[in-house]
Each structure stands twice: as structure tokens, then as C-alpha cells.
Colleague: 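One structure coming up, written as C-alpha cells, with questions to follow.
Atoms within each ligand, like the ligands themselves, are counted from 1 in listed order.
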Amino acid sequence: MPTLLDGKKIAGDIKSEISARVQQLKDKGLRAPNLAIIIVGDDGASHTYVNGKIAACKSVGFDFTLMHFASTISEAKLMKHVENLNEDEDIDGFIVQLPLPEHISVEKVTEAIRSEKDVDGFTNQNFGSIVSKNQLIMPATPWGVMELLRRYDVPTESRHCVIVGASRLVGAPLAMMMSEEGHATVTLCHKYTENLAYHTQNADILVSAVGKPDLITEDMVKEGAVVVDVGTTRVEDKSRKTGFRLSGDVNYDSVAPKCSFITPVPGGVGPMTIASLLMNTLKAYESQHSA
Ligand code: NAP
């Protein structure tokens with residue numbers, strides 16, 4: 001059976017390390033890092049994610065500032081709040097929870113965040129910093145994937161990493177990180193890729209970040225591969241109180257027996273993304289204060 005890449009456990013380890021650092025700061029009489037979260041509208045999934053982030057802040061001793069706006073807020077007003085947070089010295093980092101209502105440009109809002117405070121690592125500057133030697137803040141989910149592999153001593157150097165899904169937030173920055181930091185040979189597949197299985201079958205490390213349950217089936221995975229499932233889709237499940245369960249892109253039951261390592265969904269990449277957010281907030285704090 002494969003080794004489970006237990007993101008929940010590793011995220012717990014990272015949180016303990018951050019808590020210890022926060023305690024040191026408090027012992028020196030300094031304030032704790034402060035993360036602000038902007039959420040627009042009443043999307044249930046978004047509020048669940050935000051509640052998870054708030055709980056994580058509390059668990060490590062961070063302060064947090066929640067700003068909830070109605071879905072009717074104008075783009076100009078939201079931009080004004082972003083500008084205020086950029087200038088607010090009591091806020092070390094902030095995120096704007098996605099998705100945003102259609103009348104608001106995600107790119108415009110994201111790019112307005114000062115890169116030193118962009119703790120999701122979404123801005124073009126932080127995306128580009130993957131290839132510089134002066135990285136401060138890393139795109140959160142890709143960094144979480146890399147850190148999960150590092151902490152399980154999964155080698156990436158000279159291995160063939162195939163990433164399925166080429167989004168600006170996950171697949172594309174992860175491809176750069178795998179190449180730059182991981183020294184892997186990378187194949188980046190997207191929706192125009194022909195014969196996806198041909199590529200995935202050659203992967204030593206296969207990462208799927210699409211959001212399509214059961215996209216990756218047993219026949220698409222090489223014996224002994226490392227499989228990381230970033231996909232998170234709510235699928236109806238009437239047997240649950242919530243009425244849904246979370247599904248990854250990988251058909252876990254059939255794929256897992258072929259793998260050397262595999263992430264579960266939930267409990268794999270999701271908790272690592274939150275741990276990355278906390279780590280980025282701590283880095284943002286430390287870069288703005290001489291702590
Ligand atoms: P996204 O922006 O929708 O990107 C999905 C990517 O997959 C796009 O590049 C898309 O191409 C591509 N794609 C679509 N169908 C494909 C196919 N059949 N074969 C190969 N590529 C295909 O989503 P995202 O933000 O990257 O997120 C992807 C998944 O990861 C979602 O399920 C999301 O919920 C999950 N996620 C999880 C975490 C976590 O912490 N666990 C964090 C972030 C995201 P086009 O753009 O051309 O359609």
C-alpha cells in the first residue's frame with residue numbers, strides 16, 4: 001500500500017513551528033502577525049474556507065481582521081478597501097477570497113495588493129519571484145505541494161513531473177517551482193493536451209489540479225508513481241448531513257494501490273494551502289518589522 005502524504009499532519013507540524021515563533025515575538029513584547037481577510041457575498045463554500053483560515057490564525061496565535069461585504073459592493077469601493085489595507089501598518093498581509101462577483105475584475109483587485117502583503121502569492125510579482133533568488137512570498141497552494149513532498153523526503157530532482165491543469169493559481173506556478181526548486185523535468189498538461197493518458201503514464205510524480213472528479217483513473221498512472229491530488233469538488237452526497245462530500249480529481253480507490261505515495265482528499269493539499277498562508281503571513285510580518 002502507498003504511504004499517505006498526510007497534509008493534515010504536516011500542516012499541524014508547520015503550525016506548531018509558527019506558534020513557537022509567535023510566542024517568541026510575544027515574549028519580546030511585540031505584537032502578533034495580523035492577517036486580514038476580505039470576503040464578498042454569501043457563497044457557502046467561500047465562507048467555509050474563510051472560517052478554516054480564521055481557525056488556523058487562532059490556532060497559531062495570529063490576530064485576524066475579517067471584512068465581509070455584500071455582493072453588490074462596487075469594484076471601486078472594494079479597490080479602496082484594498083488600498084487602505086496596503087497602507088495599514090497594523091495589517092501584515094491580506095487576502096481577497098475568490099470567487100468575486102462577476103462585475104468585479106479578479107485581476108484588477110489582485111494586482112492592486114502590495115506584493116509584500118499578498119500572502120496568497122497571487123500577484124504577478126510573487127508569481128515571477130519563483131524564478132528569482134529573492135523570493136519572499138510564494139504562491140500558497142504550489143508551495144504547499146512542494147513542502148509536503150519535501151517533508152516526506154520525496155525526491156523531485158531529475159524526476160519527471162506531470163502536472164494536469166495549468167491555471168494561474170496552481171498548475172502554472174507549480175510547474176515553475178518543480179523546475180526551479182525541484183529540478184524536475186516538467187510536463188504541463190491543459191485542456192488542449194491530446195491523449196492525456198500518454199503523458200500521465202510517464203509521470204514519476206503526477207499532480208492533478210483541474211477540479212474534475214475521476215479525471216485520473218488507474219490506467220493513467222505508472223506503477224510506483226507519486227500522486228498529488230489538488231482537485232477539490234463538492235459532489236452531492238445525500239448520506240451526509242451537509243448533503244455533499246469533497247472529491248479530488250483522482251479515482252483514489254483504484255489509483256492508490258499502484259502508488260508509492262498519494263495525497264487523500266480531504267486532508268492532503270487543502271491543509272497545506274492554509275499552512276502556506278500562515279507561513280507567508282509570518283514572512284510578511286518579519287519583512288516589515290525587524291523582529
Ligand atoms: P481553474 O482555474 O478552473 O483551473 C483548472 C485548470 O485545468 C485550467 O488550466 C483548465 O484549463 C484545466 N483543465 C480543464 N479541463 C482539463 C482537462 N480535461 N485536462 C487537463 N486540464 C484541464 O482551477 P484552479 O483554481 O487551478 O483549481 C483546480 C482545482 O484545484 C479545483 O478543484 C480547486 O477547487 C482545487 N484547488 C484546491 C486547493 C487546495 O488547497 N486543495 C487550492 C486551489 C485550488 P482552462 O482554464 O483552459 O479551462
Colleague: In terms of residue, atom name and distance, what is the protein heavy atom nearest to atom 19 (N) of ligand 1?
Modeller: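 Of every protein heavy atom, H190 O, 4.0 Å lies nearest to atom 19 (N) of ligand 1.
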Colleague: Excluding sequence neighbours, so at least two apart, what forms ring pair (Phe, Tyr, Trp, His ring centres under 6.0 Å) with H199?
Modeller: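 If we apply the ring pair (Phe, Tyr, Trp, His ring centres under 6.0 Å) test to H199, skipping adjacent residues, there are no hits.
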Colleague: Tell me the protein heavy atom at minimum distance from atom 34 (O) of ligand 1, and give that distance in Å.
Modeller: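 Checking every protein heavy atom, the shortest distance to atom 34 (O) of ligand 1 gives T232 O, 3.1 Å.
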Colleague: Below 4.0 Å, non-hydrogen atoms only: which portion of K191 touches ligand 1? Side chain, backbone, both or neither.
Modeller: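 Under 4.0 Å from ligand 1, K191 contributes backbone and side-chain atoms.
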Colleague: Measuring from atom 36 (N) of ligand 1, which candidate in T193, V230, V170 has the nearest non-hydrogen atom?
Modeller: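 Among T193, V230, V170, the closest heavy atom to atom 36 (N) of ligand 1 belongs to V230.
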Colleague: At what distance is the nearest protein heavy atom to atom 12 (C) of ligand 1, and which residue and atom is it?
Modeller: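 Its nearest protein heavy-atom neighbour is G165 CA, 4.0 Å.
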Colleague: Taking 4.0 angstrom as the limit, do E181 and R150 come out as a salt bridge?
Modeller: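 Counted as a salt bridge, because a side-chain N and a carboxylate O are separated by less than 4.0 Å.
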Colleague: Does atom 46 (O) of ligand 1 have a protein heavy-atom neighbour under 4.0 Å away?
Modeller: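 When distances to the protein are checked, atom 46 (O) of ligand 1 has no heavy atom within 4.0 Å.
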Colleague: What donor-acceptor contacts under 3.5 angstrom involve side-chain atoms of residues 241-249, with partners at least two apart or in another chain?
Modeller:
from	atom 1	to	atom 2	distance (Å)
T242	OG1	F244	N	3.4
T242	OG1	F244	O	3.0
D249	OD1	G211	N	2.9
D249	OD1	K212	N	2.9
D249	OD2	S208	OG	2.8
D249	OD2	V210	N	2.8
D249	OD2	G211	N	3.3

Colleague: Select one of side chain, backbone, both or neither to describe which atoms of R168 lie under 4.0 Å from any atom of ligand 1, heavy atoms only.
Modeller: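 Looking at R168 and ligand 1, no heavy atom falls under 4.0 Å.
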Colleague: For Y198, does the OH atom sit with more than 12 other heavy atoms under 6.0 Å from it, leaving out its own atoms?
Modeller: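 At most 12 heavy atoms, drawn from other residues, nucleotides or ligands, come within 6.0 Å of this atom.
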Colleague: Is there a side-chain contact between H47 and D42, using heavy atoms and a 4.5 Å cut-off?
Modeller: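 With C-beta onward as the side chain, the pair touches.
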Colleague: Name the closest protein heavy atom to atom 25 (O) of ligand 1, giving the residue it belongs to and the distance to 0.1 Å.
Modeller: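 Answer for atom 25 (O) of ligand 1: S167 OG, 4.1 Å.
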Colleague: I want to check something: taking the side chain as every heavy atom from C-beta on, are T48 and S46 in contact at a cut-off of under 4.5 Å?
Modeller: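 No - every pair of side-chain heavy atoms lies 4.5 Å or more apart.
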Colleague: Would you mind checking which non-hydrogen protein atom is closest to atom 9 (O) of ligand 1, with the distance to 0.1 Å?
Modeller: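 Answer, as residue, atom name and distance: A166 N, 3.0 Å.
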Colleague: Can you pull out the closest protein heavy atom to atom 31 (C) of ligand 1? Residue, atom name and distance to 0.1 Å, please.
Modeller: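 Nearest protein contact, heavy atoms only, for atom 31 (C) of ligand 1 is G211 CA, 3.8 Å.
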Colleague: My understanding is that we take every heavy atom of each candidate and find the minimum distance to atom 23 (O) of ligand 1. Doing that for L169, V210, L277, which one comes out nearest?
Modeller: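 Checking each option, the heavy atom nearest atom 23 (O) of ligand 1 is found in V210.
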Colleague: Among all protein heavy atoms, pick out the one at the shortest distance from atom 39 (C) of ligand 1; state its residue, atom name and that distance to 0.1 Å.
Modeller: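 Going by distance alone, atom 39 (C) of ligand 1 is nearest to T273 OG1, 3.7 Å.
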Colleague: Quick one: does ligand 1 sit under 4.0 Å from the side chain of T141, the backbone, both or neither, non-hydrogen atoms only?
Modeller: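 Side chain only.
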Colleague: Distance-only, no hydrogens or angles: does the S129 side chain make a donor-acceptor pair with backbone N or O of S132 under 3.5 Å?
Modeller: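 No.
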Colleague: Hey, does M272 sit under 4.0 Å from ligand 1 if you only count heavy atoms?
Modeller: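 It does not; every heavy atom stays at 4.0 Å or beyond.
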Colleague: Cluster question for you: counting only ILVMFWY and a side-chain heavy-atom cut-off of under 4.5 Å, with indirect links fine, are V162 and V255 together?
Modeller: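 Yes: a chain of side-chain contacts under 4.5 Å links V162 to V255.
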Colleague: Is there a side-chain contact between K15 and I18, using heavy atoms and a 4.5 Å cut-off?
Modeller: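 They are not in contact (no side-chain heavy atoms under 4.5 Å apart), so the answer is no.
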Colleague: Report yes if K212 has an N/O atom closer than 3.5 Å to an N/O atom of ligand 1; otherwise report no.
Modeller: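 Yes, there is a polar N/O contact under 3.5 Å.
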Colleague: Can you find a heavy atom in the side chain of L5 that is under 4.5 Å from one in the side chain of L149?
Modeller: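 Yes, side chains in contact.
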